There are 2 protein chains.
Amino acid sequence: MTLEPVRRPALSDEVIDRIRARIASGEWPVGTRIPPEPELMRQLGVARGTLREAVRALAHTGLLEVRRGDGTYVHATSELSGAVSRLYGGSGLGQLLEVREALDAQAARLAAVRADDAALDALAACLERRAAAWRAGDFEAWVAADWDFHAGVADASGNPLLAELYRDLAGPLRSAMAGTWSTPGFQGADPVGHETLLAALRERDPAEAGRQAGANVADTREWDARGRA
Amino acid sequence: MTLEPVRRPALSDEVIDRIRARIASGEWPVGTRIPPEPELMRQLGVARGTLREAVRALAHTGLLEVRRGDGTYVHATSELSGAVSRLYGGSGLGQLLEVREALDAQAARLAAVRADDAALDALAACLERRAAAWRAGDFEAWVAADWDFHAGVADASGNPLLAELYRDLAGPLRSAMAGTWSTPGFQGADPVGHETLLAALRERDPAEAGRQAGANVADTREWDARGRA
DNA sequence: AAACGTAAGACGTCTGACGTTTGATGTCCA
DNA sequence: TGGACATCAAACGTCAGACGTCTTACGTTT
């Protein structure tokens, strides 16, 4: 048999994994200020340069946020966020929406098959809050409820990878479109589309669910185009 | 008016941008060995630690690959690859396939509307090569042609973001499934599905194109499940 | 010609020092 | 008492030098 050469991963990569593990495990929730460099050096037994390389790498991916003179904070749990936001800068909103449409529809299709009753009830509750906020004119609450609904559908797809990708893509998009939504001419947010999507999920109809989800995004895209014109 | 504080981005972030710019501009194509640390230090006018932080960050995202004792090479042009491969480690092949299915179908739908004749002809040529390789029993060439076809559809969607995301997701998946494909029991690779997809593109039928693309991925998923059983 | 040994080049890590920024603390004066 | 100011400690940013380890290429030897 052939002997495998002893491959030792770089120490800084080891440190990266350790830190990411602490974030993923929930030991350091989002918003936490992680221990200062001297403390981490002691805990991990590495020199400052090695530690800083690891922190810098995680900060670049968006997992950490380093505030000079203050400390280093956990900024997200997904490593995609950094890359996505940089990608978003280069591409237009329209491209992002087209991708989101694909993910949204797929999540709906899968959710129609896999979502359990509890998840569906939770989605219904989201739509309740969403409609109530709309009637009350509470824009902020409406946006939050809308987001919860869409993210909930992604979760209900039973595909964590899809859900994470969806959050990473749709999140920045949502904040980028805040301007469009507050445009006076914007009246819609037609809640009917979301209701029909939920109905399709309840009936376990993947095709119809996918169609409804796609239609919702298409509406959003149209609003965006209108607001931009 | 309130004066914005002078926010100077960290030098290492500046270095990150400079290096990424050189890669994005094509000055350093994939596979290039970038100048050694001492040379880059001179070019950029920074200390070694600062430079190393930048390189490590880009290596973590998958843009660079550092080979100890040898040098640092350009590994990709997309910053997503690193995050995707790490994500893939945690999630199963099935999840990846479901996401790919969404992107594939959306790319096909968009391509049906936007692809020009030249792009369609190029896709047809890919299928020619693909079929020829299959008949000749040249597995490697078949895989390459198949990949060119799918990537070509993604490009033809006219959405660079979608195309890049597709490549980043499907690339690792493809190599991960190489084992499945070489399984003796695997006979299919039914070329008909791809032909009908191309036909749908030619007829500018987005719905049909999306359906065909989805069916192709579904077949792949089935093969995977079978090979794994 | 093939196998071996050697040396140069490149990245990996450590140590130490100093600069800059931030946030908190304490002080002074109105 | 309360606010404005000065001060200080903590934390990150950057630089410099040194040494270790690994990879590759080259030259030597057999």
Side-chain angles (χ1 to χ4, degrees), chain A residues 2-20 22-23 28 30-76 82, chain B residues 2-20 22-23 28 30-76 82:
Chain A
T2 61
L3 284 179
E4 296 244 340
V6 249
R7 271 264 171 279
R8 191 195 317 259
L11 197 47
S12 50
D13 286 332
E14 195 91 10
V15 173
I16 288 178
D17 286 340
R18 295 272 216 103
I19 296 179
R20 197 178 45 217
R22 288 209 186 176
I23 296 174
W28 290 343
V30 173
T32 309
R33 186 177 69 180
I34 74 175
E37 289 172 352
E39 171 62 23
L40 279 181
M41 286 167 59
R42 272 191 297 274
Q43 287 187 19
L44 297 168
V46 298
R48 196 175 167 215
T50 305
L51 171 64
R52 281 183 59 80
E53 284 181 16
V55 169
R56 173 65 69 198
L58 292 176
H60 186 65
T61 66
L63 225 60
L64 296 177
E65 181 191 358
V66 183
R67 298 185 204 162
R68 183 176 179 174
D70 181 4
T72 302
Y73 295 78
V74 179
H75 182 263
Chain B
T2 60
L3 282 180
E4 293 254 338
V6 200
R7 276 262 176 280
R8 190 198 314 259
L11 234 187
S12 49
D13 286 332
E14 194 93 11
V15 173
I16 288 177
D17 286 340
R18 296 271 217 102
I19 295 179
R20 197 176 46 216
R22 288 208 186 178
I23 296 174
W28 289 343
V30 173
T32 309
R33 187 178 67 180
I34 73 175
E37 290 172 351
E39 171 63 22
L40 280 180
M41 287 167 60
R42 272 190 297 273
Q43 287 187 19
L44 297 167
V46 298
R48 197 176 165 214
T50 306
L51 171 64
R52 280 184 57 82
E53 284 181 16
V55 170
R56 171 69 65 202
L58 292 176
H60 186 65
T61 65
L63 225 61
L64 296 178
E65 181 192 358
V66 184
R67 298 185 203 161
R68 183 176 178 175
D70 180 4
T72 301
Y73 295 77
V74 178
H75 182 264

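Below, read A as the first sequence line, B as the second, and so on, with proteins coming before strands; counting in each chain starts at 1. Everything numeric in this text was worked out from a predicted model, so none of it was measured. All values below come from the heavy atoms of this structure, side chains included, with hydrogens, waters and symmetry mates left out.
Taking only side-chain atoms of A:A47, from C-beta outward, the nucleotide of C:dT20, C:dC14, C:dT13 with the closest atom is C:dC14. When distances run from any side-chain atom of B:D70 to the nucleotides D:dT23, C:dT13, D:dG13, the shortest one goes to D:dT23. The side chain of B:R68 lies closest to D:dC22, out of C:dC14, C:dT13, D:dC22. Nearest to the side-chain atoms of A:V66 among the listed nucleotides C:dC11, D:dG13, D:dT23 stands D:dG13.
Looking only at side-chain heavy atoms (C-beta outward), A:V74 and A:L63 stay at 4.5 Å or farther from each other. Residues B:R52 and A:E53 meet the side-chain proximity criterion, which asks for heavy atoms closer than 4.5 Å. Two residues are said to be in side-chain contact when any heavy atoms from C-beta on lie closer than 4.5 Å; B:I19 and B:W28 meet this criterion. Contact check for B:R67 versus B:T72: no side-chain heavy atoms found under the 4.5 Å cut-off. Considering only heavy atoms from C-beta on, B:R33 comes within 4.5 Å of B:D70 through its side chain.
The structure places NE2 of B:H75 at 11.5 Å from CD1 of B:I23, a figure rounded to the nearest 0.5 Å. Summarising the geometry, atom CZ belonging to B:R18 is positioned 13.0 Å from atom CG belonging to B:D13; distances are rounded to the nearest 0.5 Å.
The separation between B:L11 atom CG and C:dT21 atom P is 13 Å, rounded to whole Å. For A:R67 and D:dA10, the CZ to C1' distance is 15 Å, given to the nearest whole Å. In this structure, CG of B:D13 is placed 16 Å from P of C:dT21, rounded to the nearest angstrom. Taking atom CG on B:L64 and atom C1' on C:dA10, their separation rounds to 15 Å, with Å as the unit. One interatomic measurement links the two molecules: OH of A:Y73 to P of D:dA10, which rounds to 16 Å at whole-angstrom precision.
Within residues 32-45 of chain B, the residues that have a heavy atom under 4.0 Å from DNA chain C are, in order of number, B:P36, B:E37. Within residues 48-58 of chain A, the residues approached by DNA chain D to less than 4.0 Å at the level of any non-hydrogen atom are A:R48, A:R52, A:R56, in residue-number order.
Side-chain nitrogen and oxygen atoms of A:S12 include at least one within less than 4.0 Å of the OP1 or OP2 phosphate oxygen of C:dT13. Between A:T72 and D:dA11 there is no side-chain polar atom (N or O) within less than 4.0 angstrom of OP1 or OP2.
Across all their heavy atoms, A:A54 and A:V15 have their closest contact at CB-CG1, 3.4 Å.
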Less than 3.5 Å apart, which donor and acceptor atoms pair up between the side chains of residues 39-49 of chain A and the rest of the protein, not counting sequence neighbours?
| residue | atom | partner | partner atom | Å |
| --- | --- | --- | --- | --- |
| A:E39 | OE1 | A:R42 | NH2 | 3.1 |
| A:E39 | OE2 | A:Q43 | NE2 | 2.9 |
| A:Q43 | OE1 | A:R22 | NH1 | 3.1 |
| A:Q43 | OE1 | A:R22 | NH2 | 2.9 |
| A:R48 | NE | A:E37 | OE1 | 2.6 |
| A:R48 | NH2 | A:E37 | OE1 | 2.9 |

